[in-house]
Protein chains: 2
Amino acid sequence: MKRKSAAVDPVARARDALRARGMRWTPQRRALLEVLVEASGHVTGAELIERARQRDPETTPSTVYRTLDVLEDLGLVSHSHGHDGREEFHVWPASEHAHLACEACRATWEIEATEALAMTEALARTRGFAVNLSHLTVSGLCADCRRSADAV
Amino acid sequence: MKRKSAAVDPVARARDALRARGMRWTPQRRALLEVLVEASGHVTGAELIERARQRDPETTPSTVYRTLDVLEDLGLVSHSHGHDGREEFHVWPASEHAHLACEACRATWEIEATEALAMTEALARTRGFAVNLSHLTVSGLCADCRRSADAV
DNA sequence: CTCCGTTTTGAGACATGTTGCAACAAGCGG
DNA sequence: CCGCTTGTTGCAACATGTCTCAAAACGGAG
Ligand SMILES: [Mn+2]
Ligand SMILES: [Mn+2]
Ligand SMILES: [Zn+2]
Ligand SMILES: [Zn+2]
């Protein structure tokens with residue numbers, strides 16, 4: 001049997017968060033939330049539209065993008081940027097992390113907060129700057145690709 | 001009187017670099033190079049098209065973007081990404097640096113290589129990863145905006 | 001100077017978002 | 001259940017790039 005406890009279901013949590021701010025719970029938002037709970041890893045806006053259209057072919061891009069903005073304001077999703085600079089949404093990550101991306105082989109890795117501490121600490125100390133870790137993508141050459149490049 | 005010495009003029013340097021690779025020196029590329037030498041700071045592709053059109057209204061976007069790619073391959077320009085993820089080109093920077101961007105007030109700062117060393121070193125040591133510093137943009141809240149946020 | 005192979009350009013279609021605005025509808029109060 | 005208020009949607013236009021392909025032209029050879 002289902003319980004209506006406050007925060008078990010992410011969809012219900014989103015609904016409550018919206019209503020708490022005087023915003024509305026619409027079928028379009030509900031549909032996107034359902035897509036998001038089934039997503040994992042990093043997903044672009046275009047991919048989310050695609051998936052939402054499988055549920056409802058009437059799905060409109062502008063509504064999806066606007067909803068993603070709202071959800072980001074509520075802290076329910078976050079985004080970083082892929083190689084092309086395109087936004088990639090990150091849904092309910094297990095832990096906050098930054099991203100590492102090899103420009104050559106296009107592989108990516110996640111950097112946990114502890115590993116990123118050296119950098120965030122330095123910027124906090126010297127500049128009082130609070131780094132948005134989830135938004136951060138560090139690109140460059142991974143160990144393997146670096147070796148290949150040296151060989152040339 | 002003008003000298004044809006190898007590398008004084010950035011435009012000539014670009015021309016030589018292109019020819020050395022069997023690529024061609026065209027009026028379109030020359031025009032963009034002339035725009036670039038007069039640019040400073042960070043400039044988006046759209047802005048460069050705009051400026052190129054002041055010289056030659058026939059300027060075509062696809063040609064500009066392709067030329068920027070070529071120049072980046074040659075190491076003559078580099079890009080990072082602004083708040084919206086849009087590419088921002090950096091022309092012949094005095095020194096290689098990363099970027100710091102406040103999400104609230106939209107101010108930006110440059111981080112010199114020495115200051116970024118803490119991070120690049122850590123990633124090199126733990127992962128053998130070579131960070132592309134010029135491409136890096138760290139976003140978050142600057143000291144001032146952090147204070148304002150706390151006050152709320 | 002002319003010819004030719006290869007690179008480059010420009011046009012147009014396409015991809016991915018963003019924005020203004022009028023119509024719509026969620027949710028509240030009566 | 002009904003009507004309002006106000007947040008939301010969908011459309012269309014716009015912004016910024018990317019990609020394909022035929023036509024143009026750079027630059028070296030003859
Ligand atoms: Mn980039
Ligand atoms: Mn972003
Ligand atoms: Zn790699
Ligand atoms: Zn700020």
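Proteins get letters first, then strands, A, B, ... in listed order; numbering begins at 1 in each.
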Salt-bridge contact [X]-[Y] (side-chain N to carboxylate O under 4.0 Å):
{"X": "A/D144", "Y": "A/R147", "value": "yes"}
{"X": "A/D16", "Y": "A/R19", "value": "no"}
{"X": "A/R51", "Y": "A/E38", "value": "no"}

side-chain N/O [X] vs [N] OP1/OP2, d < 4.0 Å:
{"X": "A/R24", "N": "C/dA25", "answer": "no"}
{"X": "A/Y65", "N": "C/dG17", "answer": "yes"}
{"X": "A/Q28", "N": "D/dG10", "answer": "yes"}

Figure out the [atom1]/[atom2] separation between [X] and [N], and round it to whole Å.
{"X": "B/R29", "N": "C/dT7", "atom1": "CZ", "atom2": "P", "result": "11 Å"}
{"X": "B/H81", "N": "D/dT16", "atom1": "NE2", "atom2": "P", "result": "16 Å"}
{"X": "A/L18", "N": "D/dG7", "atom1": "CG", "atom2": "P", "result": "13 Å"}
{"X": "A/D69", "N": "D/dG7", "atom1": "CG", "atom2": "P", "result": "17 Å"}
{"X": "A/D56", "N": "D/dG10", "atom1": "CG", "atom2": "C1'", "result": "12 Å"}
{"X": "A/E72", "N": "C/dT18", "atom1": "CD", "atom2": "P", "result": "11 Å"}
{"X": "B/R21", "N": "D/dC26", "atom1": "CZ", "atom2": "P", "result": "21 Å"}
{"X": "A/L32", "N": "D/dT9", "atom1": "CG", "atom2": "C1'", "result": "14 Å"}

message: Mind checking if B/T26 touches a base, just sugar-phosphate, or nothing, with heavy atoms under 4.0 Å?
response: sugar-phosphate
Side chain of [X] only, please: which of [options] is the nearest?
{"X": "B/S62", "options": "C/dG12, D/dT6, D/dT9", "result": "C/dG12"}
{"X": "A/T60", "options": "C/dG27, D/dG10, D/dC26", "result": "D/dG10"}
{"X": "B/A46", "options": "D/dG27, D/dT16, D/dC11", "result": "D/dT16"}

message: Using a distance-only criterion (donor-acceptor N/O pair, under 3.5 Å, no hydrogens), is the base of D/dT16 paired with the side chain of B/R86?
response: no
- request: Classify the side chain of A/R66 versus the base of C/dG17 as yes if they form a donor-acceptor pair under 3.5 Å and no if they do not.
  value: no
message: Less than 3.5 Å apart, any donor N or O on the side chain of B/E88 or B/H42 sitting next to an acceptor on the other?
response: no
message: Is it the case that over 12 heavy atoms from other parts of the model lie below 6.0 angstrom from the CD atom of B/E50?
response: no
